[in-house]
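Take a look at the structure below.
Per chain, numbering begins at 1; letters A, B, ... match sequence-line order.
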Amino acid sequence: MHNLVYNEMLKLVRKKRILVITLILLILIPIFTYAQYHTTQNAIKQLGTSDWRAILQQQIIDQQNRLASSRVPEEWKESIKLNIQQQQYYLDNNINPTAPGAPTFIREFVEEAVSLFLPLLVVILAADIVSSEHSGGTIKLLLTRPVRRWKVLLSKYLALLLSVSFMVVLTAVIGYLVSGMIFGYKGWTLPVLTGFQVQGEHLITDHVHLIPQWKYILMAYGLAWFSCLAVGTVSFMVSVLVRSTASSMGIMLAAVISGSLLGQLAPNWNALKYLAFTNLRLTDYLEGEPILVEGMNLPFSLTVLTVWSITSLIVAFGVFTRRDVLA
Amino acid sequence: MQTETHTVLSVQGLSKTIGQREIVKNVSFEVKAGEIFGFLGPNGAGKTTTIRMLVGLTRPTKGIIRIGGYDLSKQFLQAIRQVGCIVENPELYPYLTGRENLQLFARMTEDIPPARIEEVVRLVELQNRIDDPVKTYSLGMRQRLGIAQALLGKPQLLILDEPTNGLDPAGIRELRSFIRHLSREEGISVFISSHILHEVQLMCDRVAIISQGEIVKTGRVDQLVGSHAKVEWMVEPHHAGVEKLRGLPYITQLEVLNNGRVLVHMPMEKIAETNQALVAEQIQVSGIRPYQQTLEDIFLEMTGGNSIA
Ligand SMILES: Nc1ncnc2c1ncn2[C@@H]1O[C@H](COP(=O)(O)OP(=O)(O)O)[C@@H](O)[C@H]1O
Ligand SMILES: [Mg+2]
């Protein structure tokens with residue numbers, strides 16, 4: 001088996017997929033770093049102070065103003081209210097939520113990247129992992145070896161799991177090294193709040209506690225990794241079902257992007273929560289970002305993603321091992 | 001039991017239906033050890049579909065395939081271990097070098113030592129370019145790399161689907177002598193499909209002819225083709241010539257064309273004898289043109305005039 005996985009890793013590397021992922025990260029992370037830097041600088045300039053309390057207070061006032069505006073829809077108002085409550089909590093407990101430093105950057109980066117950016121990178125890795133063998137005709141060589149078809153497919157899946165895991169680690173490492181050049185490399189032990197719960201309209205702070213940032217980052221990246229594996233597994237199935245690389249890439253891009261958009265555009269549409277790609281923001285549960293859709297919590301999202309993954313695997317293996325190779 | 005050891009590939013009652021259409025119909029044949037077996041049929045006859053079943057890419061609707069005595073559907077690993085194949089075009093990983101491609105496929109089969117890779121590379125004479133990426137290869141080189149790949153596991157049976165497609169005449173000649181070498185020197189059985197009669201005549205020992213999914217004839221190549229050639233005669237006086245030709249016992253069909261030309265079906269070796277017979281009757285022969293027999297001719301002959309395809 002390890003020979004087969006080696007083969008698949010070799011293909012991923014020589015197809016330059018890993019290189020493309022690395023380059024995208026190397027180009028985009030400095031941009032995000034600069035954006036972050038720019039935002040902080042701007043806030044300081046506007047407030048005329050670098051005091052984070054002042055910034056936080058200003059943010060609360062801004063949000064209260066938005067709340068008063070009649071143009072803001074009702075469902076947004078709830079979210080804003082919860083945000084204010086949360087920021088008030090930071091203020092009351094003397095915690096700087098945006099303490100600069102590379103660890104803070106990679107924590108915030110993964111929270112934003114988990115719903116769209118990382119899934120897109122996963123699609124680049126996964127979308128053509130099987131379909132390219134069909135479009136290149138090499139499937140005919142692959143399946144005429146003395147190897148069972150399920151083993152061929154399993155080796156591809158394992159290679160995908162390995163490279164997705166590598167990609168998540170790479171995101172953290174590049175993020176840390178690059179942003180550290182501007183923000184400094186300190187801040188691993190900074191206390192971070194977690195354990196927020198939402199019940200109806202209220203942010204429940206009973207279980208809120210402080211943990212060192214490194215622990216939080218570990219959990220956040222673990223959850224992001226889980227999201228990425230789920231995206232990878234669904235892409236894997238699409239790659240088995242669709243024979244052309246272009247369509248399998250297209251289908252997955254559309255699915256990931258609409259999943260990410262729908263969750264924000266139509267929080268009242270309750271059925272959306274059963275889709276795989278509206279459940280990718282696992283890190284929100286950690287952060288205490290208010291969840292607008294009723295009934296969504298960490299166990300729920302993990303279950304939805306797991307069910308989608310297992311179903312995808314069953315379909316992928318079922319189809320791949322039985323299907324006639326006609327083209 | 002005796003025949004079992006001598007038959008490398010045995011196909012019985014093979015059928016394949018895709019959608020509503022039966023593309024391969026009740027096909028049976030046997031390939032013996034060390035022989036070159038031609039699978040001859042026009043485009044769309046069902047050659048590739050049959051080959052896909054032989055190598056386990058598609059499942060037969062009906063029928064049994066045995067390779068080296070193993071039932072392909074029940075003992076896939078043992079059966080396919082005996083086979084090296086190229087189905088349609090020789091498609092390999094273009095972003096890998098020739099050697100990396102071979103190493104990759106070698107890793108998928110047990111017990112292929114690194115020395116075997118060197119061996120097959122030498123056999124197909126790709127030593128100079130083996131470390132170049134496959135995307136820089138010409139079609140002929142890809143074809144050779146494809147064959148190298150097929151030979152890696154020392155197969156008993158080599159299955160090639162129209163391997164001369166797209167090759168230039170020199171490449172075709174080279175391939176032909178290479179395949180003959182494999183069969184004669186290495187004792188490998190070769191199953192080779194083609195739509196060109198001439199090619200099969202030059203290369204194969206036995207042949208099965210397939211048309212519209214059905215085997216219409218199986219037999220030794222020399223028995224199947226060559227016995228009935230078409231020869232065009234130009235004779236003067238025309239009428240007497242036609243009468244004389246019609247009277248000859250070995251002429252099976254006769255067709256009168258314009259300008260004093262007559263087209264007859266007759267054995268090639270009787271041309272000189274026929275000429276003498278005509279001259280002896282004071283009939284002038286101003287032209288003899290034997291036609292290379294085509295696949296169409298054989299079909300016409302066998303199906304009694306019904307055209308193929
Ligand atoms: N996947 C398919 N679905 C439906 N019909 C097919 C398929 N593949 C081939 N055919 C049909 O089966 C016939 C035989 O095709 P094929 O085996 O490729 O012929 P050959 O290799 O002898 O040229 C053709 O008429 C072709 O149109
Ligand atoms: Mg064909």
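Using a 4.5 Å cut-off between heavy atoms, A/L4 contacts chain B through its side chain alone, with no backbone atom that close. Contact of A/R322 with chain B is made through backbone and side chain together, with heavy-atom distances under 4.5 Å. For A/K11, the parts sitting under 4.5 Å from any heavy atom of chain B are the backbone and the side chain alike. Neither the backbone nor the side chain of B/Q78 comes within contact range of chain A, judged by heavy atoms closer than 4.5 Å. At a 4.5 Å heavy-atom cutoff, the contact between B/I18 and chain A is made by side-chain atoms alone.
Judged purely by atom type and a 3.5 angstrom limit, A/S227 uses its side chain to pair as donor or acceptor with the backbone of A/L280.
For the residue pair B/T7 / B/R66, no side-chain donor-acceptor distance below 3.5 Å is found, with atom types taken as modelled.
Of the listed residues A/L143, A/V147, A/V152, the one with more heavy-atom pairs under 4.5 angstrom with chain B than any other is A/V147. With respect to chain A, the highest number of heavy-atom pairs below 4.5 Å among B/R59, B/M53, B/E91, B/E110 belongs to B/E91.
A/D324 has no carboxylate O lying under 4.0 Å from a charged side-chain N of B/R52, or vice versa, which leaves the two without a salt bridge. The pair B/R116-B/E119 counts as a salt bridge, with a side-chain nitrogen and a carboxylate oxygen less than 4.0 angstrom apart. In summary, B/E118 and B/R99 engage in a salt bridge, as defined by a charged side-chain N under 4.0 Å from a carboxylate O.
Across A/S115 and A/S260, no two heavy atoms sit closer than the pair O-CB, 3.8 Å.
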